[in-house]
Amino acid sequence: MPVQVAPGVTPAAGQLPANTHFTFYAFQEDATAGRLFAVDNFEVHPVVDLGSPCYIDVGEHVEHPGLHVSQYEKVIDADVGIPDYTMPPAGASETDKVKAGTAHQRMVNINLLLGSQGNPVFVISSASAAEYDPASIDTGCTDTSKIPAPTCTDETSNKRRLDMCQAFWNAHKGFYEGTDRVLTSPLSGTMAGMVDGMNPINTGFVGGSQFFVDEALGGFDGYAVYWQFDDADGDGQPDYPAGFPDADKHPAGQLLLFGTPAMVTRDVIHVHMTSSLIPGLKAELAIFANLDQDSTHF
Amino acid sequence: MRPAILLFGLAAASSGCKSIDCGPGTIERNGTCAPADETTVTATCGDGTMLDGDRCVPVLPPTMCDPATTTETPDPNNPGITICVGTGGTSCTGAFSCPTPAAGKQTICGQLYDAETNNKFQGAATGAACGSGDTTGPCALAINAYDAIAFGMNPTGATPLANGGVYIDDCGRFRVTSVAQPSSPYIGLGFDDANAANMGPNGETNTTGVAVNAQPDTATQNVEAWIVKKSTTDGWTSSGGPPVSGGIYVAIYRTHKCDATGTCTGDAFANQSGVTITKSGSTLPNNDYYFTAAETGRTTIDGATNATGSNGTGLLTGASVNDLLVYSGTGGITDTTNCKWESHAAASLANIVFFQIYRPQNQIGHTCNQ
């Protein structure tokens, strides 16, 4: 599945720019025309982004609200006075040893989620055209008008980072910012599910997603997923990058997956979706078109 | 890009007493009929194509390959095109088929190399499939797949993973089809002479192994595997290296980072000099061995050096898989702010030579471009 890279990162083969999204369409055609009906937008991201200025700890239960997670082990080590968890100083308490070791393991787990040993975890999330403005991110710790750099770990910086990040999230409800603490409860945005794969921390299966939509989806000739550039400037046109071929500019974007309905059983429409863009990419779609009908059984 | 399956469930809430029926060209959205977001004209589709979404696609079905003689494979020069690759008889330079495995399984494909020379381990190099009973070259070998962790803990008691068959050709290319998934995250491939009389140090190779990430529904391609002749390991021992009887773990440090798709920041085969093997961040001066500095093959140990030379290779004894992912390296990274060596599990198992490639990876919160 093509995954969106973090803002400012050049996508590699098989990846999409950060300012893109996916749209699920219902498709209808007759003798004269084909018609696409946009049903819902979503994005596909790595579950967490250590490069995000707002990948932070949030909540009353965390040691340092607003602390950038990349600095977690360093700060906890300083808290407990154990610079190296493998060599705790004489006299260190068991509680502090556990804290230092746990902090290290958290960073290891984050890297596992990001694919340090293969099998990165990707989430299907709500969509937003918003991005953190690079100009709003401080390279130091003193500019009170900007989000402090991740390496600023003092409580004042943490507080400012927390406030500014939460303000950004509140202003952009669909914006996804994940956390390793609870994968299914992101800091911002909503998570619809995960791309099929394996959780590299515990080797458990992950995958599957669901959307609840207002559209009546029965009776269509096909269903499709397209990817398209965002319209962050609000001019009604996708924000195509310079040099993007005119021939590839379509209102709906680039067709990624398409399938026709089959096996309508007990009001559940099954669609096997395949990709002409990426051989081997496929998806199974189950549409529960009449949830309130007694004829639907699970 | 790794193909994946995206599972959807869509639930459309609708009234129990349906009050409207939307006509053609509209959709019922939250109780009202709304027009299409995009409309296309079927007349724009040319001969041999039909409307698919908002564009024209070929009328003919996707490429169908004869399953008896070919497999469907993305064209290496144009991944958007599916080509049929013969299961045998092509030259060594042609594409090697690595088909999608059966559901829930993993197919692993790669190339054998001779650890001493670093050259591909080939026979007649015609691309012909190996027959049975060959006693030389890659066609003399057998391959078994294991749960890598279980094998590392108990090599004599581990049970091979079920698979759909092993294919080796005289180019030294191999394919283990539809391997069942292990309970650990890693699959180990074991290589040895097929002839029981030649198993172990004798014959074409010592027993060797490599590990790959377990990834169901994936065709894992371009896996590097090695054979090591007895004369080679004898040469290591006589020049000051460890005997294979105690088990040898071979760490090969490569200069450039590669992502999960196999895309690298530079030459994927470039070796890195100046690296010392570490365990939990500490070097292992009593257990590591390195080759002479200028050597690009792997023939002679230099007891005076404590880091990799031109071949990027170090040997390690006494490694245990029970230590998990604590083995890595120090040195040879030019950008230590952004890059560090990968960490892997390691095992020095009696009479087995196990190979592991190490590459630079991102420091936490940084992007490595080495």
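Sequence lines set the chain letters: A, B, ... in the order given, protein chains first and strands last, and positions in each chain run from 1.
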Spacing of A/Y85 atom OH and B/S280 atom OG [to the nearest 0.5 Å]: 6.0 Å
Interatomic distance, B/Q361 atom CD to A/L114 atom CG [nearest 0.5 angstrom]: 10.5 Å
Segment of B/K257 engaging chain A (4.5 angstrom heavy-atom cut-off): neither
For A/P251 against B/E38, the heavy-atom pair lying closest together: CB-OE1, 2.9 Å
Contacting region of A/T86 [heavy-atom separation from chain B under 4.5 Å]: neither
Chain A contact via B/A219 - which portion, at a heavy-atom distance below 4.5 Å: neither
Side chain / backbone / both / neither for B/T367 at chain A, heavy atoms under 4.5 Å: neither
Contact origin within A/F220 toward chain B - heavy atom pairs under 4.5 Å: side chain
Euclidean distance, B/T263 OG1 relative to A/Q15 CD, rounded to 0.5 Å: 8.5 Å
Pairwise side-chain contact, A/M198 with B/P185, heavy-atom cut-off 4.5 Å (strictly under): yes
A/A38 backbone acceptor or donor facing B/D37 side chain under 3.5 Å: yes
Region of B/N213 in contact with chain A, defined by heavy-atom distances below 4.5 Å: side chain
Interatomic distance, A/S70 atom OG to B/Q363 atom CD [nearest 0.5 angstrom]: 11.5 Å
Closest non-hydrogen atom pair, A/Q28 against B/G25: OE1-N, 2.6 Å
